[in-house]
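A, B, ... follow the sequence lines: proteins, then strands. Residue 1 opens every chain. The model shown is predicted, which means the values in this text are computed figures rather than measured ones.
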Amino acid sequence: MPPKTRARVSKRPASSDYDGEKVGSKRKAAASVESGKTEESSEPPQYCRWLMKSEPESRFENGIDVKFGIEDLKALPDQTGCWDGVRNYQARNYMRQMKNEQLAFFYHSNCKEPGIAGVMKIVKEAYVDHTQFDKKDVHFDANSKPDNPKWSMVDVQYQRMTKRFLPLSELKKYHLQHRAKGGPLKDMALFTRARLSVQPLTTEEFDFVLSLEDEEPL
DNA sequence: GCCAACGTTGGC
DNA sequence: GCCAACGTTGGC
């Protein structure tokens, strides 16, 4: 049922943001977790950087093209769109943690060359994903009721392309290297939580990845 | 609340 | 297009 994460245009429902249900906070294991710099000593770690996946190449799902690459975001009015269609609880919960002004990587998945294409900014915090109620939408969810919506989305605004495309293959090399000898990408969610479509990054991870822009491809 | 069957993700 | 990894569902 719920496939890809994809974003797309939509008029802002301007509705206030509900909070849907209580997030199934698993035991708050004192997990080490290098939170994104914030020092909430306990409680869910607050991340402040993100990676969001979307498919830049056409793929049809129920006759609907789910293609949405960074160029598509850039082409929207205000270069802004809503990140709808997320139908995974962990991914949703991360979106609910997002704060205005935070930065996220736009990751191209399920395509010729997967990897990071650019940077975007969160410009509207989590609110109800209206596509869950739309029977004609690929991500329609018959189990979600308007008086208790299950799924959320955020609005994101295009910031810029990375100076060069940062391929998954290269990030993986760093990840393996860092895992062996230590380094900022040793626990990067892209590899430790591969299938998650919305992932948290620490500022260290984010900054390191961005620094690769100025490096020669590995 | 366990866990097997099933469905999806997404790299290759 | 394959298929491994893993999240979700549903029977018990």
Query raised in the report: Cut-off 3.5 Å, side chains only: do A/T192 and A/R179 have a donor facing an acceptor?
Result: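 Their side chains do not contain a donor-acceptor pair, so the 3.5 Å distance test is not met.
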Over 60° means perpendicular and under 30° means parallel, so tell me whether [X] and [Y] are parallel, tilted or perpendicular.
X: A/F105; Y: A/F206; value: parallel
X: A/F191; Y: A/H175; value: parallel
X: A/F165; Y: A/H108; value: tilted

Could you tell me how far apart [X] ([atom1]) and [N] ([atom2]) are, to the nearest whole angstrom?
X: A/R92; N: C/dG7; atom1: CZ; atom2: P; result: 15 Å
X: A/N143; N: B/dG7; atom1: CG; atom2: P; result: 16 Å
X: A/H108; N: B/dC12; atom1: NE2; atom2: P; result: 17 Å
X: A/N110; N: C/dA4; atom1: CG; atom2: P; result: 17 Å
X: A/D141; N: C/dT9; atom1: CG; atom2: C1'; result: 13 Å
X: A/K172; N: B/dG10; atom1: NZ; atom2: C1'; result: 11 Å
X: A/R193; N: C/dG7; atom1: CZ; atom2: C1'; result: 9 Å
X: A/L196; N: C/dT8; atom1: CG; atom2: C1'; result: 14 Å

Report task. Measure from the side-chain heavy atoms of A/R195 and tell me the nearest of B/dG10, C/dC6, B/dC12. Result ->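 Minimum distance to the A/R195 side chain belongs to C/dC6.
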Query raised in the report: Which nucleotide in the list B/dG10, C/dT8, B/dC12 gets nearest to the side chain of A/S109?
Result: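 Nearest listed nucleotide: B/dG10.
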Report yes if at least one side-chain N or O of [X] is closer than 4.0 Å to OP1 or OP2 of [N]; otherwise report no.
X: A/K53; N: B/dT9; value: no
X: A/Y89; N: C/dC6; value: no
X: A/K150; N: C/dT8; value: no

Query - Result of checking A/Q132, A/E125, A/R96, A/R92 against A/S152 for side chain to side chain donor-acceptor pair (under 3.5 Å) - result: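 The option that passes is A/R96.
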Query raised in the report: So what does A/F191 hit on the nucleic acid, given a heavy-atom distance under 4.0 Å: a base, only sugar-phosphate, or nothing?
Result: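 The residue A/F191 makes no contact with any strand.
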Requested in this report: Describe the nucleic acid contact of A/K112 in one word from base, sugar-phosphate, nothing, applying a heavy-atom distance below 4.0 Å.
Outcome: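 Contact class for A/K112: none.
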